[in-house]
Engineer: 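Before I ask anything, here is the structure I am working with.
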Amino acid sequence: MSKATATTNVDFSTLGLDDTLLKAVQEAGYKKPTPVQAKAIPMALTGRDMMASAQTGTGKTASFTLPILQRLSQMKASNAVRALVLVPTRELALQVFESFKTYGKHTELKTVAVFGGVDIEEQLTALSKGADILVATPGRLADMINRKHIQLTNLRILVLDEADRMLDLGFKDDIERILKNAPVKRQNLLFSATFSKDIKQLAHDFMRHPVKVEIENPNSAAKTVKQSFYPVDQPDKPEILSYLINGGKFKKALVFVRTKKAANRIAELLEEDGINAQPIHSDINQYQRVRTLEDFKDGYFDVLVATDVAARGLDIEQLPLVINFDLPKVPQDYVHRIGRTGRAGQPGRAIALINPEEKKHLLPSLQKLLNRPIEIEPLPYFEDGEVRPNESETPAAKPRNRGRKPDPKAKKPAIKKYAGKTTGKRGGSKPATGAARGARRPSAPSGSKRKS
Ligand code: AMP
């Protein structure tokens with residue numbers, strides 16, 4: 001568990017949680033609840049339906065795991081699933097499962113996670129031993145219900161986590177199929193980064209007068225994230241990407257691309273530029289995805305190149321930088337992507353590389369969603385890892401830069417096209433700073449991407 005900085009002055013002890021749970025929270029190292037926890041936990045404990053706008057990184061998982069653990073502990077024990085958490089991806093399923101284990105370690109409650117892409121038999125065996133709480137992706141669970149492997153007749157609490165994403169991924173029918181098998185009298189909790197029309201419709205369809213918990217404008221990207229948009233032609237993007245990562249001396253970065261192929265290719269190109277990078281996408285098998293993520297967290301490589309589906313719900317603590325190599329087709333995905341930096345009140349940085357097509361076709365809708373004008377800035381140059389404004393903005397910056405030796409590795413011409421006005425050099429000659437640069441996990445195939 002990361003120790004994200006909480007941003008309220010409220011004490012956990014005032015939220016109505018039992019001592020066993022407070023103990024687990026304390027052992028997780030949390031000092032104060034985050035804003036969504038401070039509002040959502042007491043509300044969820046009342047048993048009312050609730051819809052909360054909360055992005056990944058806000059501490060939303062504890063906002064429903066803690067009340068579920070408490071409410072189930074107070075109910076009569078049974079051998080049947082009484083709480084179900086539906087999540088869009090396997091990664092999120094595993095993270096939510098881990099949260100239940102962490103916060104529920106002083107309780108007797110059992111949690112099982114089921115998700116696609118792995119052998120169903122093992123999950124069925126786990127289920128047959130009894131589960132109070134089930135964390136599931138909708139496809140796999142609908143399949144299990146269909147085959148009569150599982151019953152939801154005792155369900156008391158349902159959570160739709162990252163509901164907007166589940167709809168984006170086309171899980172609406174599966175969700176409906178699953179809910180047909182559950183009792184109507186239950187508590188429903190819905191978490192979503194955005195309250196789009198579709199989400200409101202979903203809430204209307206299956207919730208009863210939900211209380212709304214809104215932490216900040218769900219469509220506004222985290223306030224602590226500084227966002228920059230740089231104009232770059234598509235073929236030049238890989239070079240500019242290395243330039244930005246190296247020059248800014250970012251210790252870690254998450255790069256978003258649109259396709260699996262691009263994730264592999266960009267990770268390879270970054271490696272060629274001396275930046276340790278790994279791809280993560282849905283063609284990489286589950287074991288390797290989890291392992292890649294762990295390696296990233298542990299600092300065995302510095303840049304994770306991800307597709308939206310693979311990155312959704314990844315619990316990556318405190319990323320200093322998110323780069324949108326491609327702008328997502330769905331503007332909401334931009335908000336999700338940059339939610340990976342500036343988490344729990346920490347400052348963050350988000351950069352988007354915008355080609356002319358993206359500027360024309362995708363920026364207008366993003367601008368509308370963010371509800372503010374997007375300024376396309378000239379590419380910055382870097383001095384000692386510090387961003388300096390382009391000389392067109394600050395003429396005085398030029399003399400400071402004159403004494404710099406040309407970078408021997410500055411073999412590629414694209415930088416000149418964008419930042420050339422100011423420096424004509426690559427931003428940083430050294431590879432990005434990660435202390436662990438080159439310090440690969442010994443068992444990892446050396447220098448290779450872990451493709452499935
Ligand atoms: P989530 O938004 O649930 O994915 O949580 C984001 C990260 O914040 C996770 O790594 C949590 O372990 C961490 N976190 C959650 N609540 C707190 C808290 N109250 N104080 C510090 N860190 C927290």
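If you're wondering where the values come from, they're calculated on a predicted model, not measured in any experiment. First listed ligand is number 1; within each ligand, the first listed atom is number 1.
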Engineer: Compute the centroid of each ring, for F12 and then for Y103, and state whether the two points are separated by less than 6.0 Å.
Structural biologist: no
Engineer: Going by the order shown, which atoms of ligand 1 are within less than 4.0 Å of some heavy atom of K32?
Structural biologist: 18 (C), 19 (N), 20 (N)
Engineer: Under the side chain to side chain contact (heavy atoms under 4.5 Å, CB included) test, which residues partner K39, sequence neighbours left out?
Structural biologist: V213, I215
Engineer: Pick one of side chain, backbone, both or neither for how F64 approaches ligand 1, counting any non-hydrogen atom pair under 4.0 Å.
Structural biologist: neither
Engineer: Out of F12, Y30, F191, who gets a non-hydrogen atom closest to atom 17 (C) of ligand 1?
Structural biologist: Y30
Engineer: Are any of the N or O atoms of Y103 closer than 3.5 Å to those of ligand 1?
Structural biologist: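 Checking ligand 1 against Y103, no N or O pair falls under 3.5 Å apart.
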Engineer: Assess, by modelled atom type and distance only, whether the side chains of S228 and R349 contain a donor and an acceptor separated by less than 3.5 Å.
Structural biologist: yes
Engineer: Need the ligand 1 atom indices (1-based, order shown) with element for anything under 4.0 Å from a heavy-atom of T61.
Structural biologist: 1 (P), 3 (O), 4 (O)
Engineer: I'd like to know if the side chain of D49 and the backbone of N188 have a donor-acceptor N/O pair within less than 3.5 Å.
Structural biologist: yes
Engineer: Regarding ligand 1, does G59 bring an N or O atom to under 3.5 Å of one of the ligand's N or O atoms?
Structural biologist: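 Yes, since at least one N or O of G59 sits under 3.5 Å from an N or O of ligand 1.
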Engineer: Residues two or more places apart in sequence or in another chain: which of them pass side chain to side chain contact (heavy atoms under 4.5 Å, CB included) with D11?
Structural biologist: S13, T14, K32
Engineer: Measure the spacing between CG of L319 and CG of L304 and express it to the nearest 0.5 Å.
Structural biologist: 8.5 Å
Engineer: Does an N or O from T58, backbone or side chain, lie closer than 3.5 Å to an N or O of ligand 1?
Structural biologist: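 Yes - when backbone and side-chain N and O of T58 are compared with those of ligand 1, one distance drops under 3.5 Å.
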